[in-house]
Amino acid sequence: MIAQLYRSLQDAVRAAVKATYQIELDAVVLERPPQVKLGDLATPLPFELARRLRRSPREIAAELAAALPKVEGVVRAEVAGGGYVNFRLDRGWVFRGTVAEAQTPPAKPPADAPKIIVEHTNINPNKAAHIGHLRNAVLGDTFVRLLRFTGQRVEVQNYIDNTGVQVADVVVGFQHLERKSLAEVERLVEQTSPRIDYLCWDLYARVTRFYEEDPKRLELRAQALKEIEDGTGETARLAELLSTAIVRRHLETAQRLEVAYDLLPRESEILALKFWDAAFEQLKQRGAIEFAEAGKNKGCWVMRTSEEGEGAGDLEDAKIIVRSNGTVTYVGKDIAYQLWKFGLLGRDFGYRGFHTYPNQQVVWMSTTDGQTDAPAFGQAARVYNVIDSRQSYLQNIVAAGVRALGYEEQARNSVHFSYEMVALSPQCARELGIEIAPEDEKKPFVEVSGRKGQGVKADDLLDTLEARALEEVEKRHPDLDSAMQRALAHKIAVAALRFFMLRFTRNTIIVFDFKEALSFEGETGPYLQYSVVRAQNIFRKLREADPNYPLAELPERINAAAAQQRLAAPTGDDLWELVLGAAELRWLAEVAVREQEPALVAKWAFGLAQRFNLFYHTHHILSEADAEKKAFLLLLADLVQRQLTQALALLGIEVPEKM
């Protein structure tokens with residue numbers, strides 16, 4: 001409701017500017033003044049127009065305030081400061097509309113609505129997931145939730161690079177370090193302890209040292225890669241066995257964090273079904289890639305970067321797409337995959353059901369043939385690739401490949417949803433048993449490296465968080481049985497981890513710390529859970545004291561006039577600030593999608609929780625003697641707990657029964 005009001009107000013400002021100054025505006029900035037007594041919304045637009053019109057911002061503000069068309073929900077426009085236009089909203093109207101909106105689930109998009117594909121997580125299936133992968137998964141999953149909440153049709157993909165260098169390395173490890181046969185590895189896959197993804201974590205680091213000791217051993221990697229891409233022989237079967245088993249472990253890890261997928265497209269099918277061949281021919285025909293006749297890239301097919309022009313020497317700095325031995329680099333396969341996502345290859349995967357979640361949602365996996373009852377995948381209008389910022393160059397190459405084929409619109413709609421890495425505080429690293437080099441002791445954070453075997457496995461981190469949360473639950477709720485205590489600790493641990501990953505903007509390096517994440521105070525997931533549980537306890541106590549209290553009748557009982565009376569300035573300003581904050585959820589979700597910044601919703605939720613806790617301590621709702629005031633305060637508390645619960649759901653956080 002507020003979202004529509006804000007959009008209508010922006011349209012009205014545009015109309016006033018066009019009518020008064022004959023200027024067409026693309027965007028109108030609306031912001032909240034520091035205090036509601038100054039206004040409910042403001043625009044600094046007159047300052048921008050002053051430079052173009054060479055006039056005083058305050059004069060322009062006065063003219064715009066006078067020319068503003070009528071907007072439902074806006075009482076008046078005022079000139080403020082040196083040239084702001086401030087807007088006063090109809091408090092009773094906003095309250096009623098927000099209560100109704102909070103009780104109405106968002107509409108689902110029609111089946112034929114344009115599809116958005118979000119590709120995220122994308123862990124190489126060669127070892128256990130680590131803490132950095134969790135940031136990718138949590139960011140991607142939260143962005144998907146925001147897209148769906150704002151009415152978008154979304155397909156979630158988790159790309160499985162099962163024919164790449166990393167898988168080849170663990171295959172080399174089993175064949176040349178462990179000297180194990182396919183049958184022996186099959187038995188390792190079936191055992192539960194140690195887990196196969198944990199075994200491969202250590203083996204992968206050993207293989208790195210194996211290559212460093214004798215660089216000629218890299219020929220073993222090249223040979224394994226070739227055999228895996230060919231898809232025949234024991235090497236290929238071993239790669240298939242390991243990658244599939246590790247993908248299952250990755251799905252289990254993601255499921256602990258409430259992260260789910262629709263499709264697992266695999267690189268092996270991109271090769272087997274000739275996706276790359278089709279893309280390769282198109283790229284050659286368009287001249288988007290060139291064959292290097294000399295230099296360090298001799299024998300390779302390469303793509304020039306944007307900095308290189310025609311005839312740039314021997315293509316020394318161009319990006320290799322196909323290696324001299326005929327194997328395709330992953331950026332080459334990514335171009336083919338990106339073309340498929342947009343439905344530009346004229347061919348499709350086969351599909352088979354791979355995993356079923358507790359809610360019966362099926363995760364499909366690509367295959368060469370497949371089931372006839374599979375959904376229709378791909379054919380996107382827009383694609384978001386959630387990949388860390390270190391991959392920006394390669395993502396630009398993928399978009400450049402799409403553009404070079406003449407698909408300008410699809411290239412524009414190929415979005416790199418980037419983020420910075422996750423590191424550990426030195427204290428956190430020590431607690432997890434990670435050896436810290438003396439030179440790293442004084443650094444603010446410890447970087448992780450899967451190739452070096454230095455890092456924290458995602459499940460180990462979750463186990464530690466759950467153990468810490470369980471200690472707190474056992475102190476607070478010794479009366480609960482152990483199963484309930486563990487379930488509660490799990491919800492708190494997930495909230496702690498997900499919120500910690502989300503409260504920082506994407507371009508911020510996260511330094512993870514157990515104590516900070518698990519705190520029940522401050523800007524943390526458990527604090528938000530605690531705030532909602534506190535709100536829900538109001539209604540639990542009310543039902544215990546007065547089972548017949550007409551809660552369901554409150555929305556009709558508190559009409560706009562009654563709400564306006566309670567919210568009127570100045571005595572109602574504190575309540576109005578809480579209402580206005582609660583009202584902005586859907587608007588903030590739209591902004592978060594537009595800005596690709598889930599942290600906006602996390603920050604909003606924390607701010608609303610703070611205001612609610614102040615409200616909780618200021619107003620003693622259940623002992624309020626004035627029946628009408630009590631009814632209003634109850635309805636307001638219900639509104640806030642609904643909005644916070646919805647916000648936590650968008651962040652992937654479940655509200656526990658107790659805290």
Query raised in the report: Does NZ or CZ of R534 come closer than 6.0 Å to the centre of the six-membered ring of Y616, within 45° of the ring's axis?
Result: yes
Requested in this report: Would you please test Y527 and Q610 for side chain to side chain contact (heavy atoms under 4.5 Å, CB included) and show each step?
Outcome: CA-CA 9 Å; Y527 174 78; Q610 284 183 308; 3.8 Å; yes
Query raised in the report: Which pair of heavy atoms, one from V386 and one from G140, lies closest together, and at what distance?
Result: CG2-CA, 4.1 Å
Report task. Would you tell me whether Q361 and D262 have side-chain atoms, one donor and one acceptor, within less than 3.5 Å of each other? Result -> yes
Report task. Kindly say whether L542 contributes a backbone atom to a donor-acceptor pair with the side chain of D546 at under 3.5 angstrom? Result -> no
Requested in this report: Please report the C-alpha distance between D573 and K37 in whole Å, then the side-chain angles of each, then the deciding distance to 0.1 Å, and finally whether the side chain to side chain contact (heavy atoms under 4.5 Å, CB included) criterion is met.
Outcome: CA-CA 7 Å; D573 280 351; K37 67 180 182 180; 4.2 Å; yes
Query raised in the report: So, do F95 and F632 have ring centers that fall under 6.0 Å from each other?
Result: yes
Query raised in the report: Going by distance alone, is a donor N or O of one side chain under 3.5 Å from an acceptor N or O of the other, for N613 and S531?
Result: yes
Query raised in the report: When you measure from the side chain of R148 to the backbone N and O of V154, does any donor-acceptor pair fall under 3.5 Å?
Result: yes
**Report entry** R642 bridged to D638 by N-O distance under 4.0 Å
**Finding:** yes
Report task. Show your working on side chain to side chain donor-acceptor pair (under 3.5 Å) between Y384 and Q596 and close with a plain yes or no. Result -> CA-CA 10 Å; Y384 292 91; Q596 299 167 47; 5.0 Å; no
Query raised in the report: Which atoms form the tightest heavy-atom contact between Q529 and I492, and what is the distance?
Result: OE1-CA, 3.6 Å
Query - Least distance between heavy atoms, V511 atom then P444 atom - result: CG1-O, 3.9 Å
Query raised in the report: For the residue pair A647 and A605, what are the closest heavy atoms and their distance?
Result: CB-CB, 4.2 Å
Report task. Return yes if some donor-acceptor pair links the side-chain N/O of R506 with the main-chain N/O of S418 below 3.5 Å, else return no. Result -> yes
Requested in this report: Output the distance between atom OG1 (T253) and atom CG (L134), rounded to the nearest 0.5 Å.
Outcome: 8.0 Å
Requested in this report: Scan side-chain atoms only and decide if N136 and Y419 contain a donor-acceptor pair under the 3.5 Å cut-off.
Outcome: yes
Query - Under 3.5 Å: donor-acceptor pair, side chain of D40, backbone of L89 - result: yes
Report task. Considering non-hydrogen atoms only, spot the tightest contact between S425 and D513 and give its length. Result -> OG-OD1, 3.1 Å
Query raised in the report: Is R382 reaching over with its side chain to a backbone N or O of N413, donor-acceptor style, under 3.5 angstrom?
Result: no
Query raised in the report: Does E466 have any salt bridge (Lys or Arg N to Asp or Glu O under 4.0 Å) partners at least two apart in sequence or in another chain, and if so, which?
Result: R256
Query - Residues, nucleotides or ligands: over 12 heavy atoms within 6.0 Å of D26 CG - result: no
May I have the list of side-chain donor-acceptor pairs in residues 557-569 shorter than 3.5 Å, sequence neighbours left out?
from : atom 1 : to   : atom 2 : distance (Å)
R557 : NE     : E628 : OE2    : 3.4
R557 : NH2    : E628 : OE2    : 3.0
N559 : OD1    : A561 : N      : 3.2
N559 : OD1    : A562 : N      : 2.7
Q564 : OE1    : R91  : N      : 3.4
Q564 : OE1    : G92  : N      : 2.8

Requested in this report: Taking the side chain as every heavy atom from C-beta outward, state whether F612 and H617 have any pair of such atoms under 4.5 Å apart.
Outcome: no
**Report entry** Side-chain donor-acceptor pair present, E420, S389, cut-off under 3.5 Å
**Finding:** yes
Requested in this report: Could you tell me whether the side chains of S414 and Q410 share a donor-acceptor contact shorter than 3.5 Å?
Outcome: no
With a cut-off of 3.5 Å and sequence neighbours excluded, list every side-chain donor-acceptor pair involving residues 494-504.
from : atom 1 : to   : atom 2 : distance (Å)
R498 : NE     : L651 : O      : 2.7
R498 : NH1    : D141 : OD2    : 3.0
R498 : NH1    : L257 : O      : 2.7
R498 : NH2    : D141 : OD2    : 2.8
R498 : NH2    : T142 : OG1    : 3.0
R498 : NH2    : L651 : O      : 3.3
R503 : NE     : E523 : O      : 3.4
R503 : NH2    : E516 : OE2    : 2.4

Requested in this report: Evaluate the criterion side chain to side chain contact (heavy atoms under 4.5 Å, CB included) for residue pair Y6 and E590; output intermediate values, then yes/no.
Outcome: CA-CA 11 Å; Y6 285 7; E590 291 179 8; over 6 Å; no
**Report entry** Check: W604 side chain, G581 main-chain N or O, donor-acceptor pair, under 3.5 Å
**Finding:** yes
Report task. May I ask you to say whether R390 pairs ionically with D388, meaning some side-chain N is under 4.0 Å from a carboxylate O? Result -> yes
Query raised in the report: Do the side-chain N and O atoms of Q10 and R7 include a donor-acceptor pair separated by under 3.5 angstrom?
Result: no
Query raised in the report: Checking side chain to side chain contact (heavy atoms under 4.5 Å, CB included) for the pair V94/I2: CA distance, chi angles, key distance, verdict?
Result: CA-CA 7 Å; V94 169; I2 272 285; 4.0 Å; yes
Query raised in the report: CD1/I387 to OG1/T121 distance, rounded to the nearest 0.5 angstrom?
Result: 11.0 Å
Query raised in the report: Can you tell me how far the NZ atom of K491 sits from the NZ atom of K658, to the nearest 0.5 Å?
Result: 12.0 Å
Query raised in the report: Between R540 and E544, is there a salt bridge with N-O shorter than 4.0 Å?
Result: yes
Requested in this report: Using a cut-off of 6.0 Å, state whether more than 12 heavy atoms not belonging to K630 lie near its atom NZ.
Outcome: yes
Query raised in the report: Are any side-chain N or O atoms of R58 and backbone N or O atoms of V79, one a donor and one an acceptor, separated by less than 3.5 Å?
Result: no
Query raised in the report: Taking the side chain from Q485 and the backbone from H477, do they hold a donor-acceptor pair closer than 3.5 Å?
Result: yes
Query raised in the report: Of all heavy-atom pairs between A12 and V71, which one has the smallest distance, and what is that distance?
Result: CB-CG2, 3.4 Å
Query - Nearest-0.5 Å distance, CG of residue L575 to CG of residue L580 - result: 12.5 Å
Query raised in the report: Quick one: does N385's side chain have a donor or acceptor within less than 3.5 Å of a partner on V415's backbone?
Result: no
Requested in this report: Can you measure from CZ (R52) to CD1 (I60) and round to the nearest 0.5 angstrom?
Outcome: 10.5 Å
Query raised in the report: So, E78 and R88, do they make that salt bridge, N to O below 4.0 Å?
Result: yes
**Report entry** Side-chain heavy atoms of V640 within contact of Q643, under 4.5 Å
**Finding:** no
Query raised in the report: Are there more than 12 heavy atoms of other residues, nucleotides or ligands under 6.0 Å from atom CZ of R54?
Result: no
Query raised in the report: Would R476 and E471 satisfy salt bridge (charged side-chain N to carboxylate O under 4.0 Å, His left out), going step by step from the backbone distance to the final call?
Result: CA-CA 9 Å; R476 294 179 178 227; E471 291 174 5; over 6 Å; no
Query raised in the report: For Q22, does the CD atom have more than 12 heavy-atom neighbours from other residues, nucleotides or ligands under 6.0 Å away?
Result: yes
Report task. Name the orientation class of the two ring planes belonging to H120 and Y261 (parallel below 30°, tilted from 30 to 60°, perpendicular beyond 60°). Result -> tilted
